[in-house]
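First up is the structure itself, then whatever we jot down about it.
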Amino acid sequence: MRADSLKQPTDTAGMMAIHTNSRRSSSVALALRVIGALVAMTVVQDIHAQALSSRSDWAAIAKWPDFMGGVWGDRGAGGPEVGPIVQSAPLKPEFQAKFNATGPSPDQNSGSRACIPDGIPIDVGGEFYFSKGKIFLLSDLDFFVARQIDMSRKEHGDPDPSYYGDSIGHWEGSALVVDTVGFLPEVGVVQGVPGGGSTHVIERFELTGPDSMRYTRTVINPDVLTKPWITTRIWPRHRDWHVYEAWCTQNNRDAPVEGKPHLDLTPPKP
Amino acid sequence: MAVTARLFAAMVILTVSTPGEAHHSVAMFDADKSLSVQGTVLKYEWTNPHVWIWIVTADKSGSGNTPYGFELASLAMLRRQGWSKDDLHIGDKVSVTYHPFKDGQNGGMVLQVRLDNGRVLGDQAALHDTPPGPTPSPAPPP
């Protein structure tokens, strides 16, 4: 066979071989194209399904009660409650004595002077944000806090202890019910009375009007309280309020020194 | 008029002193005493967890300046009342009415700040004459 015949086959057998190869390669190409199209269709369908699922998720969220917009609370976006509500805590005698020692209004006993987050159940109220599987409650007392309420879980599991605990929520009719456990030991039941980590908080948020919300809170802690502490209050909605950046450590002149109350009155440089 | 004036005074105290409890209580201030002092703004600390106003007053001997420190609510709480970082400037002449520190140090908790131009901070009526905070949104349709 001449060398060029390899390049330019003219015999029938050679032509047939070429045709066969060509048919094979076009079959492979076709198969690849079909597989590619199927994969593409699957991906498109998957994205489409995800989009539909996303759309239906958001549509479901849109039907949730009108919590979003403005700040809920008596005095600010979050923050410790004061007065009769706090004083109604059924503290065991030894804790009541400790609480009374600093007067009805917590001061030196407050960790917030040292820029320690108050956590739950002390720092409540703020601005709601709904998201897929989660509700956020934003507040700005001493820190910019985005408290997370997980709407997708039914169980707490074994959460890492934290200041705001592990919050799981669900809807009971139009009421948002939030169950929280998993607190750090230093988180107070009220300011100045640490819960030791065993506090269990059940909160119920329910609209009573366009700009009014009933907030019912049950605090359970047999180590510190003589019985579950149940309180209810009506929060106004402040539609014109915003939540601001807040970092307690910025200029905290009230920070205790070596655990003792202190006030830094060093005049600033102009 | 007297009733109105008293009502305004009550409003000033309510709107300023109540939020002051947010970070900590007002136990360090003598709520039974209200004092006034005149001076020049040394610095306006528009900060968290509390806003502070620092002024200097002329010593009685006239030989130097005495600094006074005044604590207010948090930045967020003051913004919601319409205060801003531009309300006071270094060198402004002011008269501050305040609950003094119990320990006798110079300063305390601000009840009212009166500027040389007659503007009064802490007074909601005065704030309405100045750039206000966020405008309330209209109520949603029922």
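Only this structure's heavy atoms are used, side chains among them; waters, hydrogens and symmetry mates stay out. Throughout, protein chains are lettered first and strands after them, A, B, ... in sequence-line order, and every chain is numbered starting at 1.
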One thing to verify: whether B:R79 and A:D140 come together as a salt bridge, which I'm taking to mean a side-chain N less than 4.0 angstrom from a carboxylate O.
no

Less than 4.5 Å to any heavy atom of chain A: does that hold for the side chain of B:F101, its backbone, both, or neither?
side chain

Once the angle between the rings of A:F67 and A:F130 is folded into 0 to 90°, is it parallel (under 30°), tilted (30 to 60°) or perpendicular (over 60°)?
tilted

Options B:G107, B:G69, B:A76, ranked by heavy-atom pairs under 4.5 Å with chain A, top entry:
B:A76

So what's closer than 4.5 Å to chain B heavy atoms on A:T266: side chain, backbone, both or neither?
backbone

Chain A heavy atoms under 4.5 Å from B:L42: which part of the residue, side chain, backbone, both or neither?
both

Compute whether any side-chain donor of one residue and acceptor of the other, for A:R214 and A:T216, lie under 3.5 angstrom apart.
no

How about A:D123 and A:Y164: does a side-chain donor come under 3.5 Å of a side-chain acceptor?
yes

